[in-house]
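Here's the structure we're looking at; comments come further down.
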Amino acid sequence: MSPSRGALVAGAVLTAAAAATIAVVVWPESSDSGLAGESGSRSPEQATAAPSPTRSYPLSTAPRTIPAVREHIAARGPGWRPTAAAGVVIAPGSGTLADEGQLIAKELKIHYRGDVPARAGDVELALTPGKGTPESYTLRTYDGRVTISGPDQAGVFYGTRTLKQSVRADGAMPEGEVRDRPDRPQRGLNLDIARKYYTVAWIEDRLREMADLKLNQFGLHFSDDQAFRIQSDTHPEIVAPQHLTKAEVRQILGLADRLHIQVVPEIDSPGHLGAVLRAHPDLQLRNVSGVGSTGSIDISNPGAAKLIDELLEEFTGLFNGRYWHLGADEYRALMAKDPAASYPQLQRAAQQKYGAQAGIKDLATGWLNDRAAVVRPHGKQPKAWNDGFFRGGVVHADKDIEVEYWTGREYGARPPQEYLSEGRPVVNLNDEFLYYVLGQPNNFIYPTGRRIYEQWTPLVLRGTQPVPARYSGQILGGRFAVWGDLPQAQTAAQVAAGIRMPLRATAQKLWAPGRPALSWDQFRALATRIDGVG
């Protein structure tokens, strides 16, 4: 979670020593750090895409993109360039790709012709259900045409991103065949709009940026101590004057859906509820001396669950995505030296509900499980911050709740191996590399793209050391996170500029495993060329 709560282009360049060899670079993740790489080669007899008949062209190299494509089968030929006669067409039975086709046609400034036969110079989009893994695609450039196919719309869309970036980088799509797929299923950006308000236009710009980087998850933290930033019909009294209307949220969700990005909303509880509690002071947690606990709700009070569940019921109806973030971090009662002595009402409630051996962490775990039970019937996969999962106790967090690992600094925070050894799925938001905290409080320094690119991998969950490679399958991916602790420290434009290269580096490391083929300077230069910036 936010630290104040307690203290991606090039495709691997493929070269051939002789015309008889088609080179393919694959970077496997090493057993220790995920940074080692090795190369291999395949002959035309081993590859399904044979070189073009003419030998007047050199063997092609991989398209230069961010993130890099994972596999390119080289071929001889001129490649593909957008021309005045070129168009985008949709293959028979693939009509649902119309949005993707219209977008790439607009971006490449060529015609969109829809469901008609492809002709010379065209780009054809095709769905091939059952052929490939989710979000994968095959992009074949041959005989002056491009065909992008995949098992789902997202994969085909990512193929169009590769085509767009290659044309931006070098004016063309190289001859040959790209076979590409993500290394991790969850790849994204997390944005705190509770502390700092961002306009719809700014958020939509970030979604378009994410889509070009093949990122598919946008975390939206819209409730915290500072403000509750989305219109509420059930509890309008908690909403900040500067907020997103539900119509604006639906607009954002519509764009995200078209760009194959899932929005992950978060209402954090039982801590970080200051904005809610200002309108409901009777539900604020107080210690034995009657002193209020900032942002914390009294989970021994039945009214607390009623209020939060009403909000969850309302907003799970607004957000149509698969995931819901429940927060669960930094509950002040559990940060006290002696929680039971400081908050006897919580201790009594824990024992009454879970037995004499229970404690406040059991009550908090029960709260998390109960809130997960509210969102599941709405088709939501629950998530929570890692410091909301406790060792020991008589109540255990439901095994399906995804652990979003952000810190090892917080009181009671556990090493990532503990969650992994329990078989829990984990998403990486390592605050050492992936936290962009406005104003840099609590010794947090703005992350650099270079450091992420050269030192971080999804296995590096805490600090700088990777977890053992045997846990790799449980690490679902990661998100780069922007937190507004000191909201006036940067303007929205400065935030966008500041996160540009870190976000590209993060996208690279989540899409293609292992050491990137390009140096950092080469990567940065490619990003500048693709983005068309200074």
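Here the structure is a predicted model, which is why all the values come from computation and not from measurement. Note that these values count all heavy atoms, side chains included, but never hydrogens, waters or copies made by symmetry.
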I'd like to know if [X] and [Y] make a salt bridge, using a cut-off of under 4.0 Å between side-chain N and carboxylate O.
{"X": "Asp212", "Y": "Arg161", "answer": "yes"}
{"X": "Asp398", "Y": "Arg376", "answer": "yes"}
{"X": "Glu422", "Y": "Arg391", "answer": "no"}
{"X": "Arg451", "Y": "Glu432", "answer": "yes"}
{"X": "Glu248", "Y": "Lys246", "answer": "no"}
{"X": "Asp531", "Y": "Arg500", "answer": "yes"}
{"X": "Arg187", "Y": "Glu135", "answer": "yes"}

Look at the rings of [X] and [Y] and say which category their plane angle falls in: under 30° parallel, 30 to 60° tilted, over 60° perpendicular.
{"X": "His260", "Y": "Phe157", "value": "tilted"}
{"X": "Trp511", "Y": "Tyr137", "value": "tilted"}
{"X": "Tyr419", "Y": "Tyr405", "value": "perpendicular"}
{"X": "Trp385", "Y": "His325", "value": "tilted"}

Any donor-acceptor pair under 3.5 Å linking the side-chain atoms of Lys214 with those of Thr162?
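Side-chain D/A pair, Thr162 to Lys214: present.
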Regarding Thr407 and Tyr435, is there a side-chain donor-to-acceptor distance under 3.5 Å anywhere?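 Side chains of Thr407 and Tyr435: no pair found under 3.5 Å.
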Point to revise | Pairing residues for Lys383 by the salt bridge (charged side-chain N to carboxylate O under 4.0 Å, His left out) criterion, not counting sequence neighbours | key: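 Residues passing salt bridge (charged side-chain N to carboxylate O under 4.0 Å, His left out) with Lys383: Glu402, Glu404.
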- With sequence neighbours excluded, what pairs up with Tyr331 under the side-chain hydrogen bond (donor to acceptor under 3.5 Å, both in side chains) test?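 Testing Tyr331 for side-chain hydrogen bond (donor to acceptor under 3.5 Å, both in side chains), a comparison that skips the adjacent residues, returns none.
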Whether the side chain of Gln490 engages the backbone of Gly484 through a donor-acceptor N/O pair (distance < 3.5 Å, no angle test) should be reported.
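Checked: no pair found.
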Hey, does the side chain of Asn428 reach the backbone of Gly478 with a donor-acceptor pair shorter than 3.5 angstrom?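 Absent.
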message: Counting C-beta onward and ignoring hydrogens, is there a side-chain heavy-atom pair between Phe315 and Ser232 closer than 4.5 Å?
response: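 With C-beta onward as the side chain, the pair touches.
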Closest approach of [X] and [Y], non-hydrogen atoms and distance?
{"X": "Arg524", "Y": "Met501", "answer": "CA-CE, 4.0 Å"}
{"X": "Ala328", "Y": "Leu368", "answer": "CB-CD1, 4.0 Å"}
{"X": "Leu476", "Y": "Pro425", "answer": "CD1-CB, 3.8 Å"}

*asked:* Before you tell me yes or no, could you show the steps for Gln217 and Gln262 under side chain to side chain donor-acceptor pair (under 3.5 Å), namely the whole-Å CA-CA distance, both residues' side-chain angles and the distance that decides it to 0.1 Å?
replied: CA-CA 5 Å; Gln217 201 173 79; Gln262 293 249 3; over 6 Å; no
Task: Verdict with reasoning, Glu310 to Thr234, per side chain to side chain donor-acceptor pair (under 3.5 Å) - done: CA-CA 7 Å; Glu310 287 171 351; Thr234 61; 5.7 Å; no
Suppose we call two aromatic rings close when their centres sit under 6.0 Å apart. Are Trp202 and Tyr197 close by that rule?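 No, the ring of Trp202 stays outside the 6.0 Å limit from the ring of Tyr197, centre to centre.
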**Item:** Residue pairs passing the salt bridge (Lys or Arg N to Asp or Glu O under 4.0 Å) test where at least one lies in residues 198-211, sequence neighbours excluded
**Value:**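 As it turns out, the salt bridge (Lys or Arg N to Asp or Glu O under 4.0 Å) pairs with a partner in residues 198-211, which skip direct neighbours, are Asp205-Arg208, Arg206-Glu209, Glu209-Arg504.
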